[in-house]
There are 2 protein chains.
Amino acid sequence: MESAHRGKQSIVFMQPPAILSYASIAGKKEAAGPLGKTFDYVSDDTKFGQKTWEKAETQMQKSVMQMALQKADMKESDLDAAFLGDLLNQCVGSSFSMRNNGVPTFGLYGACSTMAESLLLAGMTISGGFCRTALALSSSHFASSERQYRFPLGYGGQRTPTAQWTVTGAGAVILGQNGNGPYLTNATIGTIVDMGIKDAANMGAAMAPAAYETLKAHFDDLSVAPEDYDLIVTGDLGKLGHQIVNDLFSKDGVELGSRYQDCGMLIFDLEKQDVHCGGSGCGCSASVLCGYLLGKMQRHQLKRLLFCGTGALLSPLTTQQGESIPSVCHAVSICTEGG
Amino acid sequence: MESAHRGKQSIVFMQPPAILSYASIAGKKEAAGPLGKTFDYVSDDTKFGQKTWEKAETQMQKSVMQMALQKADMKESDLDAAFLGDLLNQCVGSSFSMRNNGVPTFGLYGACSTMAESLLLAGMTISGGFCRTALALSSSHFASSERQYRFPLGYGGQRTPTAQWTVTGAGAVILGQNGNGPYLTNATIGTIVDMGIKDAANMGAAMAPAAYETLKAHFDDLSVAPEDYDLIVTGDLGKLGHQIVNDLFSKDGVELGSRYQDCGMLIFDLEKQDVHCGGSGCGCSASVLCGYLLGKMQRHQLKRLLFCGTGALLSPLTTQQGESIPSVCHAVSICTEGG
């Protein structure tokens, strides 16, 4: 068997999984942002018809899965596996959305890197012949996250300038063995990097080194350069983290330039929407990928995308115990050709 | 490419991953139980030399990984991937144990099914040629779990008769493409099953239907019968959940008999150790697999094992919101021959 492993931490999809369909959902603040028209469904009701914000997150996941299934003319029983996760303690958004639907399910925890992690794992099971179809899905909800990680919303806590705004949204991709693309072509698995940042309100700075390390490994392992991509997106470092990644590469003599963007900066208008450094949450990169980015690929306005999910792997408890913030970044290359 | 998918939710490892090494660690209560002599390392200090129970859990993970690496004569840089998870919010036991060690890492959340989930995923990446080596690891800690899920330990809350005792322990397996075995031969991916049990102190009853569904799918998908295994273990349904699985199969005319056991019943002396229905926690099935069970396989006293990790995917919040308990069970077949 020919090895699909490359270099230190990368893989090549020798049978490139095809994206059969994708779908996204978002809340009203996201709908008011620059990408507002790219989501499949937007709700003005932050509870998405449910009694609690946590149940709303489960509802978003169910809806986005159903939309992706419909677009692919599939039903739940056609899915050989699902890979998904969210930010809630014990990932209950995901467990409850898949409850009793008969889909073989792998629960993941990668914080805001989950969309990339789920794509990477789903891609391996397809390319390796273990599954004929697989779902990759992730979500976050501003209100369920705020009360779990920070303050009760009614408390009205002041946010620091480096803070980001958790996106209310979800995205889903269905992969298959054959299709018209786009395709997953290769990927780099992240290592857990912690450079000692302890400020839980500055997750961009905490995650930026993980993004830098994964991108560097990606370029080295696969002998590619930034110019081999039309767009490299991290999700979601925000404005500060994005600047740090640019700076770290500049020191190496590599200018990423405008081909490098960040999902947390794309989803909101940073000047007008009072989100400080930008969007965050598993649903940020998930809804940007499954709306704006894959939409551009479908219209062939974007051909070679490097999608880099970034996650801060802290908990409120580790912050209370004085710990710094371990972070991870998984990168998946998605191309319109290669299948 | 020949498909490795079978039936509804199963896979065959056509290139069976070999278990290169395994290691286990446990606390003093576990050491006093029937499997006390099967753990590689036991600590009388519930904090494993750390300042907090959560840091102790990270320390257990680091130790068990190092022991498994040593046994395989490997170092961290020889690992192409790690798959791991735990019960702590945001799975911080795992994120912190892999921090800055350079190992490409996938974070999982499968509650007490994590050891089986990690083996299954690691196995697919090995068998699919994506990784040459992979680590599967999971842990739990009685004290970090109790205060997160139930009561502060000092509160001294009375436990109900159906309660289980969270194991302080961890287990790690290193898989490779070639070796003397045992080998992973096939597996069944669990679906999320919820039969409406709402009592968070009766997780055995909540998880038993998931175990039954996965076992039934395993037998159907792969055309095998209980008699094809020397031992079928669930981990960790405890005494009540184990009885329910037996009863459900009895109704189908299938008697599992003594070949069916449960890690939660094996690890403690249920009569003498005041653990009520038995052990639980990710570390229960992980430490039983990576001590007692794989030890028996190494000595060829056990040749065909079906290892079924069971997880209750609730959170304290979902219980507060009146929800029932979704559960999952992943099954992995491990055989001394087949490589």
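Proteins get letters first, then strands, A, B, ... in listed order; numbering begins at 1 in each. Computation of the quantities below employed the complete heavy-atom set of this structure, encompassing side-chain atoms and omitting hydrogens, waters and symmetry-equivalent molecules.
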With chain B as the partner, which of [options] has the greatest number of non-hydrogen pairs under 4.5 Å?
options                               : answer
A/Leu313, A/Asp194, A/Thr214          : A/Asp194
A/Leu87, A/Leu88, A/Thr191            : A/Thr191
A/Ala210, A/Ala4, A/Gly85, A/Ala111   : A/Ala4
A/Glu323, A/Met98, A/Arg132, A/His330 : A/Glu323

Please classify the contact between [X] and chain A as side chain, backbone, both or neither, with a heavy-atom cut-off of under 4.5 Å.
X        : result
B/Glu54  : side chain
B/Ser315 : both
B/Ile11  : side chain
B/Val193 : both
B/Ser324 : both
B/Leu314 : backbone

Under 4.5 Å from any heavy atom of chain B - which part of [X]:
X        : value
A/Leu120 : side chain
A/Gln148 : side chain
A/Thr318 : side chain

**Prompt:** With a 4.5 Å heavy-atom cut-off, do A/Leu108 and B/Phe106 have their side chains touching?
**Reply:**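 The answer is no; the side chains never approach within 4.5 Å.
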Could you grab the distance from atom [atom1] of [X] to atom [atom2] of [Y], nearest 0.5 Å is fine?
X        : Y        : atom1 : atom2 : answer
B/Asn100 : A/Ile192 : CG    : CD1   : 9.0 Å
B/Met124 : A/Thr125 : CE    : OG1   : 5.5 Å
B/Thr52  : A/Leu317 : OG1   : CG    : 7.0 Å
B/Tyr109 : A/Thr114 : OH    : OG1   : 14.0 Å

**Item:** Top contributor to chain A contacts, counting heavy-atom pairs under 4.5 Å, from B/Thr188, B/Asp80, B/Asn101
**Value:**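 Heavy-atom pair counts peak at B/Asp80.
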What is the minimum heavy-atom distance between [X] and [Y], and which atoms define it?
X        : Y        : value
B/Gln90  : A/Asn89  : NE2-OD1, 2.9 Å
A/Ser95  : B/Pro326 : O-CB, 4.3 Å
A/Pro104 : B/Gln9   : CG-CB, 3.5 Å
A/Val12  : B/Phe130 : O-CE2, 4.0 Å
A/Thr105 : B/Val328 : O-CG2, 4.5 Å

**Prompt:** For A/Met195, does the CE atom sit with more than 12 other heavy atoms under 6.0 Å from it, leaving out its own atoms?
**Reply:**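 No, not enclosed.
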**Request:** Kindly write out the residues that satisfy side-chain contact (heavy atoms from CB on, under 4.5 Å) with B/Gln59, not counting sequence neighbours, or none if the list is empty.
**Result:**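 Checked B/Gln59 against side-chain contact (heavy atoms from CB on, under 4.5 Å); matches are B/Phe48, B/Gln50, B/Lys62, B/Ser63.
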**Residues which pass side chain to side chain donor-acceptor pair (under 3.5 Å) with B/Ser144, listed by chain and number, not counting sequence neighbours** =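 With sequence neighbours excluded, B/Ser144 shows a side chain to side chain donor-acceptor pair (under 3.5 Å) to B/Glu57, given in chain and number order.
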